[in-house]
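Inspection log for the structure reproduced underneath, given as structure tokens.
Small disclaimer: the values here were computed from a predicted structure and weren't measured. Letters A, B, ... are given to chains in the order of the sequence lines, protein chains preceding strands, and every chain is numbered from 1.
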2 protein chains.
Amino acid sequence: MLPEARKRKIVELVSTHDGQSVSELADELDYSKATIRRDLRALAEEGLIERSHGGALPATSVASERSYGEREVKNLEAKRAIAARAVEEIADTEVVFFDAGTTTTEVARRVPSDLLAVTNSPQLAVELGERVEEVKLTGGTLRSRTRALVGPTAESFMERTNFDLLFLGTNGLDVEAGLTTPNENEARMKELMVEKANRVVLVCDGSKVGERSFVQFAELDDVDHLITDAALPKRLAETLDAAGVRVTEEDTA
Amino acid sequence: MLPEARKRKIVELVSTHDGQSVSELADELDYSKATIRRDLRALAEEGLIERSHGGALPATSVASERSYGEREVKNLEAKRAIAARAVEEIADTEVVFFDAGTTTTEVARRVPSDLLAVTNSPQLAVELGERVEEVKLTGGTLRSRTRALVGPTAESFMERTNFDLLFLGTNGLDVEAGLTTPNENEARMKELMVEKANRVVLVCDGSKVGERSFVQFAELDDVDHLITDAALPKRLAETLDAAGVRVTEEDTA
DNA sequence: CCGATCGTGCTCGTTTCCGATCGAAACGAT
DNA sequence: ATCGTTTCGATCGGAAACGAGCACGATCGG
């Protein structure tokens with residue numbers, strides 16, 4: 001592992017775990033404690049973490065967010081693990097739709113190049129354009145909060161098209177409320193995605209499980225395959241099983 | 001392999017693999033480590049990657065999200081001067097279309113917030129979304145070279161809509177060939193933009209003047225106002241004047 | 001045909017990295 | 001407060017990586 005990569009990893013581990021000991025880091029990264037200490041000292045000087053006896057804590061200032069931009073993404077490790085598993089679903093499909101969202105972005109970063117990608121996220125489109133032969137965008141109005149395209153133009157695009165596979169995100173996944181999201185326009189788009197996709201893969205990190213948001217856009221049995229990092233509550237697991245939903249719980253450890 | 005192609009490949013490898021060592025790159029690309037190191041140094045200076053002892057990591061800053069080509073914008077000073085002048089045209093308009101392109105991007109960075117912006121560039125849409133209340137995207141297929149949206153979906157969007165003002169870019173501006181661009185699909189889109197816009201402002205730095213590209217998409221007299229940094233050749237200036245085109249030559253000094 | 005220029009690989013002396021060791025400092029329990 | 005344990009920083013040496021400079025060959029323009 002490159003020294004700088006190791007330092008980035010340390011910052012990430014310290015930040016996500018709310019502090020890590022020197023031993024834990026040495027163990028995890030497979031470097032000597034001496035090296036870990038050197039790294040911690042350097043990172044503390046840069047203000048990216050705070051040093052304490054025996055280990056390090058996340059920096060309190062905002063400065064850390066600036067230099068390592070991806071920090072804004074919650075549960076990044078979980079999302080990456082989910083994404084790594086999700087791309088395996090692509091085999092033998094041609095037309096794949098990517099819902100806007102951070103988890104689906106991680107999926108997009110791992111896709112093979114020989115497919116036709118469609119998305120309602122301009123950012124995702126640009127990223128996909130660097131990897132994939134053909135990328136299509138739905139068009140429509142840009143919703144500022146999520147950077148997703150919505151509205152009549154986007155919806156009419158959806159009505160004219162069909163997909164082999166959909167990578168779908170959600171804000172809430174609940175046994176009673178089903179799949180939910182805060183915005184009506186986005187909910188309508190997601191509804192159409194589900195309707196027009198042959199196979200629906202829901203990528204969903206643990207923070208969404210058991211949550212209910214404002215608008216429901218799908219039932220649990222609309223999903224063909226759920227990929228998550230969380231151990232699902234028993235009742236949800238049972239309901240999904242009864243609905244014939246395949247569930248993959250990806251270890252993040 | 002061309003040196004420049006090799007560098008692009010390096011950026012791609014480093015970015016997709018979350019970091020690569022000098023040895024890996026030398027091995028993969030079949031060049032000596034010395035050459036790889038030279039490339040890495042140059043790329044690090046451009047900010048496209050970050051150097052680390054033994055290899056390189058993907059750049060972390062926001063700047064890195066820009067694609068490889070966009071980094072080296074030619075005539076940036078000229079384009080900024082043109083853009084600064086161009087935004088003055090917006091007064092009392094509501095619906096403004098931004099053609100994809102580097103000069104129009106500079107315009108977009110200077111727009112006031114109280115308008116409805118429409119564009120066929122996903123990158124521009126994201127930038128506009130940070131400044132402007134409402135942003136719409138045409139949708140369509142992403143052309144990889146220019147990152148512009150083209151094709152039937154994009155065209156049918158254009159056919160349904162109308163604009164007060166268009167900021168248009170071009171590859172060639174010639175007294176005989178008119179306005180030209182290398183790609184047929186993009187030419188068709190530009191044609192529609194011109195048709196649907198009430199007022200056409202052509203933003204065009206000096207490198208385009210006198211150039212002819214493959215496909216013509218407009219005549220000189222389709223333009224209402226040309227903003228450039230170049231002193232136009234006499235014959236072109238006369239023809240524009242005869243066609244009733246307002247011309248603004250913006251000093252870059 | 002010749003000289004200039006550029007890209008590339010090689011050599012060599014220098015810098016950086018990393019694990020090990022050891023005395024000093026900090027910690028926690030009594 | 002004291003003692004045993006853990007952690008710390010400084011130092012060292014070997015290995016790897018580095019930059020600078022030079023040489024060779026290809027390309028280009030005159």
Report task. Quick one: label B:S52 by what it contacts on the DNA or RNA (base, sugar-phosphate, nothing), any heavy atom closer than 4.0 Å. Result -> sugar-phosphate
Report task. Return the set of residues passing salt bridge (Lys or Arg N to Asp or Glu O under 4.0 Å) with B:R6 (not counting sequence neighbours), or none when no residue passes. Result -> B:D39
Query raised in the report: More 5' along DNA chain D: B:H53 or B:R38, using each one's nearest nucleotide?
Result: B:H53
**Report entry** Base-pairing assignment for D:dG30 (Watson-Crick or G-U wobble, both under 3.5 Å)
**Finding:** C:dC1
Query raised in the report: Of all the choices, D:dA10, D:dC18, D:dC8, which nucleotide is nearest to the side chain of B:V22 once you look at every atom?
Result: D:dC18
Query - Gap between atoms CG and P, on A:D39 and D:dG9 respectively (whole Å) - result: 13 Å
Report task. Using heavy atoms to find the nearest nucleotide of DNA chain C for A:R6 and B:P3 separately, return the residue whose nucleotide is more 5′. Result -> B:P3
Report summary line: When rounded to whole Å, the CZ to P distance for the pair A:R37 and D:dT11 reads 16 Å
**Report entry** ring pair (Phe, Tyr, Trp, His ring centres under 6.0 Å) partners of B:F97, counting only residues at least two apart
**Finding:** B:F163
Requested in this report: Output yes when B:R109 and B:E106 qualify as a salt bridge under the 4.0 Å nitrogen-oxygen rule, no when they do not.
Outcome: yes
Query raised in the report: Between A:I36 (CD1) and D:dG9 (P), how many Å, whole number?
Result: 14 Å
Requested in this report: Only one of A:T119, A:L168, A:L165 passes side-chain contact (heavy atoms from CB on, under 4.5 Å) with A:F98; say which it is.
Outcome: A:T119
Query raised in the report: If you measure from the Lys or Arg side-chain nitrogens to the Asp or Glu carboxylate oxygens, is any gap between B:E211 and B:K208 under 4.0 Å?
Result: no
Query raised in the report: Nearest nucleotide by nearest heavy atom, which residue falls closer to the 5' end of DNA chain C, B:D30 or A:M1?
Result: B:D30
Query raised in the report: Using a heavy-atom cut-off of 4.0 Å to chain A, what are the terminal contacting nucleotides of DNA chain C, in 5' to 3' order?
Result: C:dC18 to C:dC27
Requested in this report: Apply the side chain to side chain donor-acceptor pair (under 3.5 Å) test between B:K190 and each candidate in B:N120, B:T181, B:D99; give the one that qualifies.
Outcome: B:D99
**Report entry** A:R51 vs D:dG9: side-chain N/O to OP1/OP2 distance below 4.0 Å
**Finding:** yes
